[in-house]
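Since we're looking at a predicted model, the values are computed, not measured. Every chain is numbered from 1, with letters handed out A, B, ... down the list of sequences.
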There are 2 protein chains.
Amino acid sequence: MNKLPEKTIGRLSEYRRTLLNCLAKGKTHIYSHELASLHNITPVQVRRDIMLIGYSTTLKKGYDVKALIDVIGDIIDTEDGLNAAVIGIGNLGKAITAYFNGKRSKLRIVATFDVNPDKTNRVISGVKCYAMADFEKMVKDLDISIGILTVPPEEAAQVTERLIMSGIKGILNYTSTSLNVSPNVYLEEYDMITSIEKVAYFVKQQNKES
Amino acid sequence: MNKLPEKTIGRLSEYRRTLLNCLAKGKTHIYSHELASLHNITPVQVRRDIMLIGYSTTLKKGYDVKALIDVIGDIIDTEDGLNAAVIGIGNLGKAITAYFNGKRSKLRIVATFDVNPDKTNRVISGVKCYAMADFEKMVKDLDISIGILTVPPEEAAQVTERLIMSGIKGILNYTSTSLNVSPNVYLEEYDMITSIEKVAYFVKQQNKES
DNA sequence: TTTTTATTGTTAATCAATTAACAATGTTTA
DNA sequence: TAAACATTGTTAATTGATTAACAATAAAAA
């Protein structure tokens, strides 16, 4: 199962979220067009994504919700799961930690880090906050491979250096500083201002049309 | 200036962020390859994006930082600016409000909303929080056209109904509920779990390779 | 049972985005 | 000044993603 398109990975994660909701509601099967309309995409796209991960059903009563969840899990998750840390426990760090905490058994936020001594050595949003001074040690002790960066922008570059040096393999960067990392570290960046500006641009376009 | 690719809009927003930093540091000109390496993309892509917005320079000493900022502003911003509101002022809502506040003159968060009476009628993260009960009135009074949704997932669908009914034209959805909106409303969705799972997937892939 | 309908899986076609290639032309160096 | 170099702007080629089209077939209706 090599080389799935990046876009497909994102959608699979979203499908699973929806499928877990369906399961909780007792829904056992779901049609491609149902899944599609829940995500504002076409049924063909859903079927194609599902084809790519090698799941199929002989029935014409939609996909087996439980089975599909498992197959997506085989793609996205690792057997033992991965450990992540949130670096910088301000409002955004707290939001992510609290929101994520316990939602995915194969992906855990096992630590948060901050420089502020008022925050360290306490449990915040359900996870213990360590001092940045202990970062390298804790990465080893807790086998952390993913860093979620929510520090102030001016500290981002320097903190990233430490993440990479300590052996972190994937970084999700929420600071408004673009980072450069070595090619063996996966980097995903997200800037909220850009997202808001995109919405603003399309609102502007719509206003022009009418 | 019609029909720029969506991806280009996102990058223009990011270029501007970087250019504003350059300006603050006193840098007056920037090469396409500099801008490119700051964003982990190719110089060609930068030049192409800039071509698409109709800016060009006769010099071979890079782009004029100030001029480029202005041209990007002409594309993204409206003359009078647009007003946005954050709906649901938990940790994430607070993070966005505080982070964004005052950063862009043509895009303002003018109100936040919540159902919790402990939060309403107070200034939170620098912006006044109103009761959800007053939502429709305040959208009119403050001319709000963009809604940033940070309410609990189970309330997302119902709140979205109200946003659309009240005339909101663009929605940025940070809840983990996929929304359906009429085609004249622009919707951008972002789920943090999906982003973390994407990082996890690529970390897994990398581990497999080695 | 037979026919109709609905749904999946998949290939081919289209559309969108990125990258390569290169002409034009300032700028720098010899 | 002349030659070498670096940089931009742009078209063409390539790559990647989405959508259309349709065969196969289970399910439902007649």
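Using cut-offs of 30° and 60° on the angle between ring planes, the pair B:Y190 and A:Y190 is parallel. Under the 30°/60° scheme for interplanar angles, the aromatic rings of A:Y15 and A:H39 are found to stand perpendicular. Ring geometry, A:F135 versus A:F113: the interplanar angle exceeds 60°, so the pair is classed perpendicular (tilted spans 30 to 60°).
Side-chain atoms of B:R47 lie closest to C:dC22 of the nucleotides C:dC22, C:dT7, D:dT18. Out of C:dA17, C:dT8, D:dA17, the shortest distance to the side chain of B:K7 is found at C:dA17. Comparing atom distances between the A:Y63 side chain and each of D:dT8, C:dT18, C:dG9 picks out C:dG9 as nearest. Looking at the side chain of B:K60, the nearest of the listed nucleotides C:dG26, D:dA17, D:dA24 is C:dG26.
Distance CD1 (B:I50) to P (D:dT8): 8 Å, rounded to an integer number of Å. Between A:K61 atom NZ and D:dA26 atom P there is a gap of 14 Å when expressed in whole angstrom units. Regarding B:R48, its CZ atom lies at a distance of 14 Å from the P atom of D:dA13, rounded to whole Å. Spacing between atom OH of B:Y55 and atom P of D:dT10 amounts to 13 Å, rounded to whole angstrom units. Note: CD (A:E6) to P (D:dT18) measures 11 Å, nearest angstrom. For the pair B:M51 CE and D:dT11 C1', the interatomic distance rounds to 9 Å; values are reported in whole Å. Summarising the geometry, the separation between CG on B:D64 and P on C:dG26 is reported as 17 Å, rounded to the nearest angstrom. What separates NE2 of B:H29 from C1' of C:dG26 is a distance of 13 Å, to the nearest Å.
Positionally, the nearest nucleotide of DNA chain D for B:I30 lies more toward the 5' end than for the other of A:V44 and B:I30.
The minimum heavy-atom distance between B:G62 and B:H29, with the atom names listed, is O-CD2, 3.8 Å. Scanning both residues, B:L52 and B:P5, for their nearest heavy atoms gives CD1-CD, 4.1 Å.
Within the 4.0 Å cut-off from OP1 or OP2 of D:dT8, at least one side-chain nitrogen or oxygen of B:S32 is found. Phosphate contact (OP1/OP2 of D:dT8, side-chain N/O of B:T57, threshold under 4.0 Å): absent. At C:dT19, one or more side-chain N or O atoms of B:T42 fall inside 4.0 Å of OP1 or OP2 (strictly under the cut-off).
Among the atoms of the strands shown, none is found under 4.0 Å from any heavy atom of B:T8.
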